[in-house]
Structure formats: C-alpha cells, structure tokens
Amino acid sequence: MEHILYIVVPCYNEEEVLEVTANVLKAKMQGYMNNNKVSTKSKICFVDDGSKDSTWEIIERLHKEDSLFSGIKLTRNRGHQNALLCGLMTVKNQADMVISMDADLQDDIDAMDEMIDKYLDGYDVVYGVRSARKTDTFFKRFTAESFYKIMSFFGAEVVFNHADYRLMSKKALDGLESFEEVNLFLRGMVPMVGLPSCNVYYERKERFAGESKYPLKKMLSFAFEGITSLSVKPIKLILSLGSIIFMVSIGILIYSLIQHFNSNTVSGWTSLIVSIWALGGLQLIAIGIIGQYIGKVYLETKRRPRFLVETFLDEKEQEKNVDE
Ligand code: UDP
Ligand code: MG
C-alpha cells in the first residue's frame, strides 16, 4: 500500500511566487506518483494566512484546475507558525505523512526524496537541516548561527540549522496535537513529541521572487518568543545572578570592615556600601524565587502532555497482527 503524502505550504502575500511554486511542486508530486512512491491521493495544500494580495484567488484557481491542490483560508493574518499548525492539523487525518515547507522554494525540494525514504525506513520525524550556508553572507551566517546558540543557551532545545522544513508522520502529528499551547514555536515543540527522528541535509537557496516576511526585527522577536515559550531558564539566571551578587556582598562586607577598622573611610560609608550590595543581592534572589513559581505556573498553563505512548504491546495488537 502506498502512503498518502500532503505538502503543507503557508502563504502570506505570495502572489509573485505561488504559480511557480505550484508548478514545481506539482511536477515533483507527479514524479512520486508515477514511481509509486506515494499514493495518488496525495495533495498539496496551501494555507492562505490572511494575505492582502491575490494569493487566495490563485489558490482557488489552482484547486479548480487540478484537484491535486487544496487550500485553506484563514480569516486574517495569524503568523507563519499558526498558519502552519492550522495546515498540519487540518490535513493530518487524510495523510500518512506531511511535509511542511515555505512558499518561496528556498528549501531544496529534492531533499523531499530522502525525507520520504527515511519515513519509509520507519522515522516519524525527519528534519530538513541546512548544510553549509555557502550562499549566505558572513553577517547572515553569523547572526543565524548565533540565533541557534543563544536559543540553546537559554534552554530552548532546537535542532541546529533547522527551520520549519520537515516531514512528520500522522503519529507524530497526533502527538503534536496534544500540545495545547497557544504561543507556538513549532521547531521547539516537535522535538518534545519524541519518536524516532533523523536529519536530512540540503543547501538553502535565495528567495527567487518577492521579499522575506521575516526581517531582522521579526527574527529577534521570534527568537524571544522561542525562548520564552520553551523555557524558564531566564528566570533561573536571575536567581543565580542574585546569589552571585549576595556572595559578592559578603566579600564587600569583609573588605569594608577592614577599611573601617583601618580608619580609611568616612563615617557611614561602610554600612551604606554593604547595605547596597546585600540588599541588591537579596532582592534579586527574592525576585528569582517568585519567578520560579511563576515559571511553574506558566508551564502548567501550557497543559503539555506528560507523556506520549510510542508502542503498547497487548492482546489487541496481537489480534490485529494475526488479521493482517
Ligand atoms: N508566512 C506566513 N505568514 C506570515 C509570514 C510569513 O504564512 O505572517 C509564510 C510565507 O508566505 C512563507 C513562510 O511563511 O511561505 C516563510 O516566510 P519567508 O520566506 O518570508 O521567511 P524567510 O525565509 O525569509 O525567513
Ligand atoms: Mg523564505
């Protein structure tokens, strides 16, 4: 039995690239169907994220001309991550595997071949990882790689150099569905699902038309969003900082007392300087402790699943195997 593949493509004001993208993906998909690599029920699904240009009209036309294309229209712009999740959750019951990719074809579509092979080998999540960023300038490479390093320093576990180009099986998507959080950072959430996963490497190209919807400002806020929605490590850092400052204040106390008894100080200096350091440290510790509780409350409100079952061996499973 061949597996049904859905390709989900979020689009925001992509009228300049959509036609080309649709043709390229269609050719790719037909190639897979001809080689019996995927089922003929496979589809390409565009998610219009409240575009202000003619993106939706193009999607409607594509769908009318060829049932290979399907489309979802959001009521308004909700951002890439929300549009992508909407696409994934809408198609997951029709598909065996879903590949998510951007509309601008920056991600090498040939990497899909290997992604599907890996899926057939039994992997539930296949991450598309950018290999050498040869085409990027030094500045772009530096900022992009710093992004991943800073993220991991602040406790956000992400796959290095992986954006949202990935394949997920139906099982992995069912797992993802049980994450009920509203602030989304998908590339941090997918590793939390677990299940067997692997990487596929490809070279990222330039955008062939239209402009990036992720300028530096959006990138920075995306990184902040990623850190704050995945981890409470910044709060822990406040607590550590408070403790360090409090330790320093003890050193300052000793130093000030020595100065005081050597009569090197004006009156009042010793008590003042020790109070400043000790109080500063204590206040940071107090904020850090309160923060720890708030962090716990925050993580609780996300209502993340406590566990997901990968395999359960019982009688029913055996009966099913005998039937097959
Ligand atoms: N996108 C979206 N909603 C938004 C912004 C972007 O659906 O509010 C889509 C966009 O159409 C594209 C993908 O997200 O398919 C990635 O955007 P872009 O290529 O502009 O980002 P970059 O590759 O420059 O980081
Ligand atoms: Mg792009």
Side-chain angles (χ1 to χ4, degrees), residues 6-25 28 44-60 62 69-91 98-109 111-112 127-131 133-137 139-148 151 158-167 182-188 190 202-226:
Y6 267 68
I7 302 178
V8 170
V9 187
C11 311
Y12 178 58
N13 294 343
E14 298 285 11
E15 61 180 9
E16 285 168 86
V17 303
L18 206 52
E19 304 257 6
V20 182
T21 303
N23 285 333
V24 172
L25 288 180
K28 192 80 192 160
I44 299 163
C45 178
F46 294 108
V47 185
D48 175 24
D49 185 17
S51 300
K52 292 179 183 68
D53 62 3
S54 62
T55 298
W56 179 245
E57 284 70 40
I58 299 174
I59 297 172
E60 272 183 317
L62 286 167
F69 296 111
S70 73
I72 303 169
K73 182 176 166 48
L74 299 192
T75 52
R76 52 157 297 163
N77 182 243
R78 297 298 298 140
H80 174 216
Q81 298 286 297
N82 290 311
L84 179 54
L85 186 72
C86 164
L88 295 176
M89 291 305 134
T90 310
V91 306
V98 181
I99 295 179
S100 51
M101 62 156 42
D102 293 351
D104 54 13
L105 297 183
Q106 277 186 286
D107 304 309
D108 183 8
I109 60 160
M112 290 202 291
Y127 299 103
V129 174
R130 298 165 199 171
S131 56
R133 293 169 168 269
K134 280 186 211 134
T135 51
D136 286 342
T137 59
F139 177 74
K140 172 74 195 179
R141 200 161 56 218
F142 178 74
T143 48
E145 289 184 352
S146 311
F147 171 88
Y148 292 97
M151 294 284 295
V158 288
V159 178
F160 193 69
N161 267 340
H162 159 71
D164 283 305
Y165 183 29
R166 77 178 85 80
L167 177 147
V182 176
N183 287 303
L184 289 183
F185 191 73
L186 289 173
R187 57 185 93 163
V190 177
Y202 69 94
E203 271 183 39
R204 187 165 156 99
K205 297 179 219 142
E206 306 260 322
R207 202 177 226 280
F208 70 88
E211 19 181 78
S212 170
K213 274 84 197 166
Y214 270 106
L216 186 67
K217 203 173 127 212
K218 250 192 179 172
M219 270 280 283
L220 288 176
S221 73
F222 190 52
F224 191 71
E225 176 75 25

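Ligands are counted one by one from 1 in listed order, and the atoms in each one are counted from 1 as well.
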Checklist entry - Considering only heavy atoms, does Val47 approach ligand 1 within less than 4.0 Å through its side chain, its backbone, both, or neither? => result neither
Checklist entry - Which of the atoms in ligand 1, numbered in the order shown and given with their element, are less than 4.0 Å from a heavy-atom of Glu14? => result 10 (C), 11 (O), 12 (C), 15 (O)
Next on the checklist: Ignoring hydrogens, what is the shortest heavy-atom contact between Asp107 and Tyr165? Give both atom names and the distance.
Outcome noted: CB-CD2, 3.3 Å
Next on the checklist: Only heavy atoms of Pro10, strictly under 4.0 Å: list the atoms of ligand 1 that pass.
Outcome noted: 7 (O), 9 (C), 10 (C), 11 (O), 12 (C), 15 (O)
Item to check | Polar proximity ligand 1 side, Ala103 side, N/O cut 3.5 Å exclusive | outcome: yes
Checklist entry - Out of the N/O/S atoms in Asp104, what is the name of the one closest to the Mg ion (ligand 2)? => result OD2
Checklist entry - So how far is it from Ile72 CD1 to Thr90 OG1, rounded to the nearest 0.5 Å? => result 4.0 Å
Checklist entry - Taking the six-membered ring for Trp, are Phe147 and Phe222 parallel (under 30°), tilted (30 to 60°) or perpendicular (over 60°)? => result parallel
Checklist outcome for this item: Note: ligand 1 atoms sitting under 4.0 Å from heavy atoms of Cys11 are 7 (O), 11 (O)
Item to check | Among Asn13, Asp49, Asn82, the one residue meeting side chain to side chain donor-acceptor pair (under 3.5 Å) with Asn77 | outcome: Asp49
Item to check | Whether Arg204 lies under 4.0 Å from ligand 1, heavy atom | outcome: yes
Next on the checklist: Looking at every heavy atom in both Arg166 and Tyr127, which two are closest together, and how far apart are they?
Outcome noted: CB-CA, 4.2 Å
Checklist entry - About how many Å separate CD of Gln81 and CZ of Arg187, when rounded to the nearest 0.5 Å? => result 6.5 Å
Next on the checklist: One residue to check: Asp102. Relative to ligand 1, which of side chain, backbone, both or neither has a non-hydrogen atom less than 4.0 Å away?
Outcome noted: both
Next on the checklist: Would you compute the distance between atom CZ of Phe69 and atom CG of Leu62 and round it to the nearest 0.5 angstrom?
Outcome noted: 5.0 Å
Checklist entry - Is the Mg ion (ligand 2) under 2.8 Å from any N, O or S atom of Asp102? => result no
Checklist entry - Is it the side chain, the backbone, both or neither of Arg78 that has a heavy atom closer than 4.0 Å to ligand 1? => result neither
